[in-house]
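Down below is the structure, laid out as C-alpha cells.
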Amino acid sequence: MQAPRVVGAPRGRAHRVRGRRHQRPLRVGHGRPGVRPRPPGRVARRARRAVRALRGLPPGDRARARVAARGAGGRVSRWKPVGPASDWTSMEERVLQRWREGDVFRTSVEMRKGHDPYVFYEGPPTANGRPGSHHVLSRVFKDIFPRFHTMRGRYVERKAGWDCHGLPVELEVEKQLGISGKPEIEAYGIAEFNAKCRASVGEYLDEWERLTERIGFWVDTSEAYRTMDTDYVESVWWSLATLHDKGLVYESDKVVPYCPRCGTALSSHEVAQGYKDVTDPSIYVKFPLRADSVAVTGGEASLLVWTTTPWTLPANQAAAISPGTDYAVVVDGDERLVMAQALVGAVMGEDAAVERVIPAADLAGAGYDPPFDLIPGRHQVVLSDFVTTDDGTGIVHIAPAFGEDDMRAAREHGLDAPNPVDRQGLFTSKVPLAEGQFVKDADRALITDLEARGRVQREKPYEHSYPHCWRCSTPLLYYAKPSWYIRTTDVRDRMLELNASVGWHPDHVRDGRFGRWLEGNVDWAISRERYWGTPLPFWRCDDCSEVTAIGSFADLRERAIGDVPDPLDPHRPYVDDIDVRCHCGGVAHRVPEVADVWFDSGAMPFAQHHHPFEGPDDLAGRFPADFVCEALDQTRGWFYSLLAEGTLLFDESPYRNVVCLGLILDGDGQKMSKSKGNVVEPWTVIDHAGADAFRWYLFTAQSPWESFRFSLDVVDETRRRFLFTLWNTYAFLVTYAALPDGWSPGDPAPPVAERSEMDRWALSRLDGTIEQVTARLAEYDPTSAGRALEDLVDDLSNWYVRTSRRRFWRSDDPADTAAAFATLHECLTTISLLVAPFCPFVADEMWGNLVASHDDTAPPSVHLADWPAPGARRDEQLERAMAAAMEATTLGRSARKEAKLKVRQPLAEAVIACPPSTARELEGLTGIVAEELNVRDVRFVTDAGGLVQVSLKPNYRTLGPRMGPNMPAMADAVAALDPTATVQVLDAGGTVTVSVNGNDEVLGDDDLLREVRPSEGYAVAEGGALAVGLATEITPELEMEGLARDLVRAIQNARRDADLKVEDRIRLHLDGSARIREAIDAHRGWIAGEVLATELTVGHGVPFTPLHREDGEIDAEPVAISLSRA
RNA sequence: GGGCGAUUAGCUCAGGUGGUUAGAGCGCAUCCCUGAUAAGGAUGAGGUCCCAGGUUCGAGUCCUGGAUCGCCCA
C-alpha cells in the first residue's frame, strides 16, 4: 500500500506491523483434534496479546511511535495513511494476519462466556471435494448472524463439523482404487476399504479450512465434530438404541427405491434429489384372456396393458383393474382388446369401435396368458384401488417385487412376489433370454421377443422424469427387500406442530414446501447395505431372533462374548466381529447394515457434544439452535433429519430459525457445472475482488433464497458501488484528519445540538440506519439491512461529504471544522460496527484506524466491540427537509441543463415554489441549495401571486375513502375551483365547500394537493411538490464572478501539474486579457484564498522565479499562470 | 399430473397495509468537477409492471383463469 502525500504520516509504524508478520506463524482454525480446554487465565492473556497484535506494537514501542508520528504542527497523530481501494485484497490479508496473531475469533467468543447463549449449528459438509462458490454462499450466511449476535452480547459457540460417512466417500474411493461394486469392494477387503475412506475424508480439509478462513467465516475448526469419530458414533448408537427401545425401529420387507450399482436402498429424501427426465420405451402389451372368460367378453379377447418398464413383465403375477369402472371391448383389426372405456379414445383413437361394455366386477377373476411363461403365477384379473383411468389403459400389470402398489395388491390378493433380478440389477437364469443383463438394458430383447409372438399392440417412446441415484446416476429400481425403518409417522403430527413455530426464511417454506412434505411423511428407511457408515447397533439372536440394541460402548463391552478391542474403531468390519449374548442366552450377531448418512448429520445437535455421555448438562445452552442455514434443497435432507430426530428423541424442534439459500447460477442463469465449464471458482472471486465484496454481493444481491445469477462482473459492480464509496469516504476523513492542523478523535467538538443542519442530518440518518440494520438483522434479513447501509453510505459520500468538503480544511471556523470531523468520524466509526458482520475485513481496518489506534481503552478489534445503539439524534423533520433540499438541487440542475447554463456560472437567484410547510422546513437549508446550484440567493414563493402559478389536485388518499363512487365527480369539482382564490382561503385557515352530485362537501387543507410553479422569466423544472426556477440573466458582475471561478479552476490545475501538496502556500502571478484582469481585480481576495496564494500579482513580468508556468484560455481569452512555493 | 416460487427499463434488482407522475445500479447519450483525483458527480433517453378477466371511486399491489421460467414432488 502506497502512502499518500500526507505530512506527519506515521510511516515507520506501518512498516513495523508488516515486519512482524511472519514472526508468529499461528494457524488458527487448523485441525487439532487433541486440544484440551484452556485454563481460564489464558483468555485474559490472549486478550492482552490480541490488543498488542492489533495495535501492531509491542508495548514498549508506543512512545517511540508517537514521537515518530509527530507532525509539523507538533501534535501527536496516530492516523495510518489510507491506501487506494484497489489494494483491497492485500488489506484483507493484513487484517487476517492480525486476527491470527491476536486470536481474535476465539477472544470474541470467550469474552461473552457466561452471557445468554445464541446457538448455531453447522450443517456438516463433506470435505472430500473442493469447495465451490455455493459453499461460500452458505458459509457467509452462517457467519453473519453469529457475528451480529456476538456483538450484541450473546455467547455464540461455533463448532465446525464434517460429514465423513456415506456413499459419496465410498464412490470416491472406488474411483481411486479403480474398482466398482460391492463384490469388488469385498474382495479388496472391508477393513482396507474403510481405511481408504477414512483417509479420503480429509483430503481437501486443508483447502476447506483455507477458504473458510479467507472468506472470514468464523467457526472453530480446531475442535470440529466429525461424524466418523468414536464419540460421535457412540452418540448415534445411543439415539438408535433409544428409538429401538421405544419400539420405533422395525425391519420390514418393503419395496424400496434401490440403487443396483451402489447395492443399497435409498431414503425418500435421497430419491428426491435424483429425478431426471428420460425417455423409456413404453409398450401396449396384449394379455390374451383364457377361454373361460369368453362368456364375459363375448369372444376371444386380450387385456391391453400399458407399461413403461417392460423389464418387469417376466415377473408379472396379475393384472389389476379399477373397481367400479366400466371396461370396453374394442375391435382392432382382427383382434378384440379390453381396456377402460374412458380411455378408449385416448388409446385407440376417437373413431374406435366399442363392441361391448363390461363392469369391472364382471371382469375380475378372469385368467390370462402371461406375457412370458417363465415364472409361475396366478395370472388373473384383480380389483385394486390404486388403478386409475388417468393414463394408460386402465389395466395395470402387477409385478409385486417391483412396485409399492404392486406389493400391496399382492398382499391383498395373496399373490407371490417372485424376483428374477439379482442385487446388481441383472436378470437371473429364471429369464434365460436376458440372463446376466442389466434390467434396463434388457428392455429391447424382451420387447423383440414379445413382438415376435404378436403380443405388442404398439410401442412408443415415453418421456417422463424417473428417479436416479443421486450420487452415481444409475436408474433406481423399485425392489422388494428387507430394510430397517424408523417409525417417523408416529410423530408426524407432532413434527407438523413443532414446524409451525419455526421461523422459516422465506416463511412460505414452513407451510409450503416443508409443511406439505411433512404431511406426506412416510417411515424413514435408515439402513444401507454399505461399508463406510455408522454401523447399526442392532444384534440379532441366532436362536430367538430377538434384536438387541446397544446404546454405548460400555454396554457393548459388558454384553460382548469375548474381548472388545481397546481402543475400538466402531466401524465395519471390527464391530461385525463382535458377538453379543442375547437375553435368551443365545448368540447374537450384528445386522450387516450401516445407517443412512442423513441420520448422522441429523444427530449433530447432540452427537457433536457426545451427549449423553458427557454428563447431565452436556446440552445445556446448546439445544435447540437459534439458527441454522443451508441451501433450499436441504428441506428434505438435513432440515428434515434434524427435525425428525429432535422430535423423536427430545420432543422439540432442534432449530428456531432457518434461512434457506438459493442456487448459484452463472451470469446467464445457467446452472454451474463442470461439464459446461461455467463454474466460477471462489478463489477467482477472492483474488480479484476480495472476500468483503464477495460477501456483500451475496448478502445484498437479492433475497437469499432466490437463485443467484453470479459472475465476477456483478461482484465487481457491487464492490465499486458500495465498498469503494465507503473506502473513499473513510480515506477522505483520514487524509484531512492526518494533516498537521488536522484532527484526532477526542479533540473537543461542539455538542451535537450546536452543530450545523448538515451534521445533525448525518447523525439523524445514522441513528435511523442503526435502528433499521439492527431490526432487519434480528429478523434474518441481511438484504434489507445491507441496502439501508448502502443508502447511508451513499448519502454520506454524495451529499454530506460533497457539500461539506471545505469545512474539513477551512480553518476560519475551527469549531465548525471540529464539528465536521467529529460528525464524519462518528458516522464512519458506527458504520464500521454495522458493517462488521457483513464485511469483517474493511470494518476492522476502519475500526483500527478510526478508533483502536487512538484510544487504548477501546476494543482493539471491531469484532470485540459492542453493537451500536441509536443516540436519540433522530430528527425526521430535518430528514424530510433535507430530502426536499436534495430534490430542489436536482431540479435546479435540471433547469440549468435545460437553459444551457453551466454550474460554474453564478446566477442571481433560484426560486423554489412549494407549499408553505415545505418552505418552513427548508428555510435552514437554503445555504446548501444555493451553494450546490451556484446561485447568490434562494427565495421561496408560496403565495399564489404574480410569480407563481398554482394548480390543485384532489388528495385521493383522504377523499377516496370518503367519496367512494362519487370520487370522479369530486375530481371534476376540484378541477373547477379557482386555484388562486382557494389557496388564499386555505392559507387563512379556512375551508372550501364544493357541490358533488347535489351534496355539499367541505374540503380542508389536507384534502387538496397543490402544485406550484414559478411563472415567466425563469428556467423551470418541476417534480413532486416542488418546482425550481432559475433567474437566467447574467449581469456583468455575475460574468466576472464566473470568470474568477474559471481562473481558480485553472490555477488549481496548475498547482496539481506542479506537484504541489494540497496544503502548500504559493506565490502566484497572473496575466491575461483586459476582461480577465478585470475579473481578477474584482475577486482578488477570493481567488488568493481559494488557491492558498500568499501573494498575487498581475501584469507583465513575474516578480519571482516560477516553479511552474502555464498558458491557457478561459472563455476564449488568453491567460498565463505562474507560481512557486511561498 | 400436483405443490411452491418467480415474471417490473437493454441487463441485475427495489417497490409495508391498494392512492397524485412506478424507482435504483449497470450499460447508453450528453455533460460537469479537478482540494476524495489511478477518484467523484450530474442531466437525459429508456417501462402496455407476462397475458386476459374480475373486485374497487382507484390495481404493479387483491381475486380468478392462462402463459413462460425455476425448484420440489408423483
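Just so it is clear: chains get the letters A, B, ... in the order the sequence lines come, proteins before strands, and each one is counted from 1.
- In this structure, CG of A/L663 is placed 12 Å from C1' of B/rC72, rounded to the nearest angstrom.
- In this pair, A/F821 and A/F808 present their aromatic rings perpendicular. The plane angle is above 60°, beyond the 30 to 60° band.
- Salt bridge status for A/E1110 with A/R1055: absent, with no side-chain N to carboxylate O gap under 4.0 Å.
- Heavy atoms of A/S703 sit under 4.0 angstrom from primed sugar atoms or phosphate atoms, though from no base atom.
- The C1' atoms of B/rC49 and B/rU8 are separated by 4 Å, rounded to the nearest whole Å.
- On the C1' atoms, B/rU61 is 14 Å away from B/rA14, given to the nearest whole Å.
- For B/rA29 and B/rG70, the P atoms lie 34 Å apart once the distance is rounded to whole Å.
- At the phosphate of B/rG44, OP1 or OP2 sits under 4.0 Å from a side-chain N or O atom of A/S894.
- Ranking B/rC13, B/rC57, B/rU20 by closeness to the A/R787 side chain, first place goes to B/rC13.
- Taking atom CZ of A/R709 as the reference point, atom P of B/rC13 lies 6 Å away to the nearest angstrom.
- Note: A/F710 and A/F694 meet the aromatic proximity criterion, with ring centroids under 6.0 Å apart.
- Where A/R893 and A/R516 each meet RNA chain B at their nearest nucleotide, the meeting point lying more 5' is that of A/R516.
- Rounded to whole Å, the P atom of B/rA45 lies 15 Å from the corresponding atom of B/rU30.
- Going from atom NZ of A/K900 over to atom P of B/rU43 covers 16 Å, rounded to whole Å.
- A donor and an acceptor atom, one from each side chain of A/D1007 and A/T958, are located under 3.5 Å apart.
- At the heavy-atom level, A/P954 lies nowhere under 4.0 Å from the strands shown.
- Spacing between atom CG of A/L726 and atom P of B/rG40 amounts to 13 Å, rounded to whole angstrom units.
- Between B/rG25 and B/rA9, the distance separating the two C1' atoms is 12 Å to the nearest Å.
- B/rA67 sits 15 Å from B/rG53 when the C1' atoms are compared, rounded to a whole Å.
- Surrounding CD of A/E771 are more than 12 heavy atoms belonging to other residues, nucleotides or ligands, all under 6.0 Å away.
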Handout entry: Letter per nucleotide, 5' to 3', of nucleotides 23-37 of chain B [B base touched, S only sugar-phosphate touched, - untouched; heavy atoms, 4.0 Å]
Key = --SS---BSSSSBBS

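- Using a 4.0 Å cut-off between a side-chain N of Lys or Arg and a carboxylate O of Asp or Glu, A/R776 and A/E779 qualify as a salt bridge.
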Completion exercise
Read 5' to 3' with Watson-Crick or G-U pairs under 3.5 Å, [ ] for crossing pairs and | for partners on another strand, RNA chain B gives (((((((..((((.....[...)))).(((((.......))))).....(((((..]....)))))))))))).

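- Ring orientation note: the planes of A/Y736 and A/W809 are tilted relative to one another, at an angle of 30° to 60°.
- Counting to the nearest Å, the C1' atom of B/rC72 and the CG atom of A/L518 are 14 Å from each other.
- Between A/F710 atom CZ and B/rC13 atom P the separation is 13 Å, expressed in whole Å.
- Aromatic rings from A/Y640 and A/F514 are positioned such that their centres are separated by 6.0 Å or more.
- With the nearest nucleotide of RNA chain B identified for both A/M963 and A/H508, A/H508 has the one nearer the 5' end.
- The same atom, C1', is picked in B/rG19 and in B/rA59; the two are 10 Å apart, to the nearest Å.
- Taking atom C1' in both B/rU17 and B/rG60, the straight-line distance is 16 Å, to the nearest Å.
- By the 4.0 Å N-to-carboxylate-O rule, A/E932 lies close enough to A/R893 to be salt-bridged with it.
- Rounded to whole Å, atom C1' of B/rG2 lies 14 Å from atom CZ of A/R513.
- Close placement of the A/F639 and A/W504 rings is indicated, their centers lying within 6.0 Å of each other.
- The OH atom of A/Y956 sits 13 Å away from the C1' atom of B/rU21 (whole-angstrom rounding).
- Using a 3.5 Å distance cut-off with no hydrogens or angles, the side chains of A/E790 and A/W696 do pair a donor with an acceptor.
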